[in-house]
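Starting from 1, each residue takes its place in the sequence as its number.
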Amino acid sequence: MTPTLFGRWQTRLLLLSTVGVLVSLPFAMGLIGGPPDSIYFWILGYVAIFGLGWDVLYNYLQKFRWDRDWPAAYQLLAGIWELVFVFCGVKIFGFLPAPIPKDSIDLDAFVLHYSVVWLSVFIASQSIMRILFPRSRFRGGQWL
């Protein structure tokens with residue numbers, strides 16, 4: 001069954017609040033990417049918040065596909081689009097509040113953090129979620 005909008009939201013929030021936080025910890029502690037900073041959790045929060053809105057658009061666009069689902073290549077493109085949007089919001093345009101000045105956000109650390117989080121969440125959604133919640137696919141991706 002194709003994931004419903006509510007199923008997408010549940011899965012996104014669950015994975016970002018578990019896998020995303022675990023992957024962000026080494027970045028926030030300064031073990032990877034640069035000095036210790038809480039900006040990584042802010043970025044993770046923005047990805048979660050704006051992802052809920054993007055899921056509405058993705059759900060609408062899927063209705064035009066014959067199988068009503070995204071191939072993995074489209075998921076990759078959606079991840080790149082979200083990266084560009086959050087980066088522009090935090091660093092370039094500054095319309096997303098961050099606890100540090102936008103000039104001190106390192107592009108390399110941002111891209112590395114986002115890429116590692118995105119890849120970890122994608123892999124978890126394709127493997128761990130299917131193991132832990134085997135019946136969720138029969139309920140449109142909803143696990144609650």
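- If you take OG1 on T11 and CE on M129, they are separated by 4.5 Å, rounding to the nearest 0.5 Å.
- When the side chains of ILVMFWY residues are joined at heavy-atom separations under 4.5 Å, either directly or via intervening members, Y60 and Y74 end up in a single hydrophobic cluster.
- Following chains of ILVMFWY side-chain contacts shorter than 4.5 Å, one cannot reach I49 starting from V56, and the two form parts of different hydrophobic clusters.
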TODO: Evaluate the criterion side chain to side chain contact (heavy atoms under 4.5 Å, CB included) for residue pair V121 and V23; output intermediate values, then yes/no.
DONE: CA-CA 9 Å; V121 166; V23 170; over 6 Å; no
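- Atoms CG and OG, from L83 and S115 in turn, are 6.0 Å apart once rounded to the nearest 0.5 Å.
- Between W42 and Y46, the angle of the ring planes lies from 30° to 60°, which puts this pair in the tilted group.
- V84 and F122 fall into different hydrophobic clusters, defined by Ile, Leu, Val, Met, Phe, Trp and Tyr side-chain heavy atoms under 4.5 Å apart, directly or through other members.
- In this structure, OG in S24 is found 11.5 Å from CD1 in I39, a value given to the nearest 0.5 Å.
- The side-chain contact (heavy atoms from CB on, under 4.5 Å) search around I80 returns L76, not counting sequence neighbours.
- Judged by distance alone, with hydrogens and angles left aside, the side-chain atoms of S17 form a donor-acceptor pair with the main-chain N or O of L14 at under 3.5 Å.
- Scored by the side-chain hydrogen bond (donor to acceptor under 3.5 Å, both in side chains) test, S125 finds no partners at all (sequence neighbours excluded).
- Classified by interplanar angle (parallel below 30°, tilted 30° to 60°, perpendicular above 60°), the ring pair F27/Y40 is tilted.
- Every residue meeting the side-chain contact (heavy atoms from CB on, under 4.5 Å) condition with L61, not counting sequence neighbours, appears here in chain and number order: L57, W70.
- Looking at L52 and L13, their side chains come closer than 4.5 Å, going by heavy atoms from C-beta outward.
- A centroid separation of 6.0 Å or more is found between the aromatic rings of F50 and W54.
- A continuous path of ILVMFWY side-chain contacts below 4.5 Å connects L25 to V47, so both sit in one hydrophobic cluster.
- For the side-chain hydrogen bond (donor to acceptor under 3.5 Å, both in side chains) test, residues two or more places apart in sequence or in another chain that qualify with Q126 are R130.
- F41 pairs by the ring pair (Phe, Tyr, Trp, His ring centres under 6.0 Å) definition with nothing, not counting sequence neighbours.
- Within the model, atoms CD of Q10 and CG of L5 stand 10.5 Å from one another, a figure rounded to the nearest 0.5 Å.
- Here the rule is side chain to side chain contact (heavy atoms under 4.5 Å, CB included) with V117, and of V19, L44, L15 only L44 fits it.
- In this structure, Y114 contributes its side chain and F87 its backbone to no donor-acceptor pair below 3.5 Å.
- Interatomic distance, L22 CG to L16 CG, rounded to the nearest 0.5 Å: 11.5 Å.
- Atom-to-atom distance recorded for E82:CD and L77:CG is 11.5 Å, nearest 0.5 angstrom.
- Residue pairs meeting the salt bridge (Lys or Arg N to Asp or Glu O under 4.0 Å) criterion with at least one partner in residues 49-59, sequence neighbours excluded, are R12-D55.
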